[in-house]
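See structure below.
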Amino acid sequence: MKGAKKRIGGIIKILRKNYSHSRTALQFETPLQILVSTILSAQCTDEKVNEIIPSLFRKYRNAKDFASADKEKLEEEIRSTGFFRNKARSIINASKKIVDDFEGVVPEKMEDLLKLPGVARKTANIVLSSAFRKAEGIAVDTHVRRLAQRLGLSKEKDPDKVERDLMSFVPKKEWLDFNYMLVNHGRKVCQARKPNCPSCVISHLCPSAEDFYPDIKLNP
DNA sequence: CTCCCGATAT
DNA sequence: ATATCAGGAG
């Protein structure tokens, strides 16, 4: 990834200008809520997650509530987000550990968040950045992975390896915002099925633009 | 690598 | 019909 180091500054500068207004699309008020919402958001649109979390958070107000939840009931309440059995188990077991080992409070360190069942680096990074404004890494989800590959920022497929690549040349002060800028750009422009390179503000910095649109004029 | 899994766009 | 959506565990 040699060209990546040269282009990353321009990419970030332009994305920041275009997406500075929008932050996470997940609705939340507490660290526990962003943790649960992020678990629910796996392979599901944030839109569908936002539909069910108001009633969910009215019923379950803290980690102890989730820890003692009736599993079948919780499964039904989150069924529409898919993977509902796995997600219910993760939410309950993670909440139990928060109650047992962290005094009912969502931990603020990557090391501790990774001890929660159902929480890996992507979810931990989202909780750290959204709830605590800390960046111990860069959250790599399906959007970030796809854009990192298209932009020539990483050739890896494993999210943890993509994250390592990004951490090696994305300035640390940008880590906090890098994920949501790429997610927003991925949702609006650089979509999985139909990347809209003609209206992309960083197409001139993207080695994939000509692949998708052979006759494209690069001059944003 | 496979499995988990409903909702939506194409 | 099929791909994709703020992934993680076995």
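Listed nucleotides C/dA6, C/dC5, C/dG8 differ in distance to A/Val183; the shortest reach to its side chain belongs to C/dA6. In this structure, of C/dG7, C/dA6, C/dT4, it is C/dA6 that holds the atom nearest to the side chain of A/Thr45.
Within 4.0 Å of A/Arg146, counting heavy atoms only, lie sugar-phosphate atoms of the nucleic acid but no base atom. Using a 4.0 Å heavy-atom distance criterion, A/Leu26 is classed as a base contact. Heavy atoms of A/Thr81 sit nowhere under 4.0 angstrom from any nucleic acid atom. The residue A/Val144 sits apart from the nucleic acid: no heavy atom pair falls under 4.0 Å.
Atom CZ of A/Arg145 is separated from atom P of C/dG7 by 9 Å (rounded to the nearest Å). One atom, NE2 of A/His143, and another, P of C/dG7, lie 7 Å apart when rounded to the nearest Å. Distance, A/Glu75 CD to B/dC5 C1': 12 Å, rounded to whole Å. Going from atom CZ of A/Arg150 over to atom P of C/dT4 covers 9 Å, rounded to whole Å. When rounded to the nearest whole Å, the span between CD1 of A/Ile78 and C1' of B/dG6 equals 11 Å. Atom CG of A/Asn86 is separated from atom P of C/dG7 by 14 Å (rounded to the nearest Å). Atoms NZ (A/Lys194) and P (B/dA9) sit 11 Å apart, rounded to a whole Å. Look at CD1 on A/Ile52: it is 11 Å from C1' on B/dG6, rounded to the nearest Å.
Ring geometry, A/Phe57 versus A/Phe66: the interplanar angle exceeds 60°, so the pair is classed perpendicular (tilted spans 30 to 60°).
Nearer the 5' end of DNA chain C, as judged by each residue's closest nucleotide, is the contact made by A/Arg193, out of A/Asp46 and A/Arg193. Mapping A/Arg85 and A/Lys48 onto DNA chain B by nearest heavy atom places A/Arg85 at the nucleotide closer to the 5' end.
Side-chain nitrogen and oxygen atoms of A/Thr38 include none within less than 4.0 Å of the OP1 or OP2 phosphate oxygen of C/dA6. For A/Thr123 and C/dG8, the shortest distance from a side-chain N or O to OP1 or OP2 is below 4.0 Å. The side chain of A/Arg79 places no N or O atom within less than 4.0 Å of a non-bridging phosphate oxygen (OP1 or OP2) of B/dC5.
With respect to the salt-bridge test (charged N to carboxylate O, under 4.0 angstrom), the residues A/Lys59 and A/Glu77 qualify. Using a 4.0 Å cut-off between charged side-chain N and carboxylate O, A/Lys48 and A/Glu51 make a salt bridge. In this structure, A/Lys97 pairs ionically with A/Asp101, as a charged nitrogen and a carboxylate oxygen lie closer than 4.0 Å.
On the P atoms, B/dC3 is 24 Å away from C/dA6, given to the nearest whole Å. C/dA1 and B/dC4 have their P atoms separated by 22 Å, with the value rounded to a whole Å.
Residues A/Cys200 and A/His185 form a side-chain contact, since some pair of their non-hydrogen atoms from C-beta on lies under 4.5 Å apart.
A stacked arrangement is not assigned to A/Phe83 and the six-membered base ring of B/dG6, the conditions of a centre distance below 5.5 Å and an interplanar angle below 30° not being jointly met.
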side-chain contact (heavy atoms from CB on, under 4.5 Å) evaluation trace for A/Val140 with A/Lys122: CA-CA 6 Å; A/Val140 176; A/Lys122 184 267 174 175; 5.9 Å; no
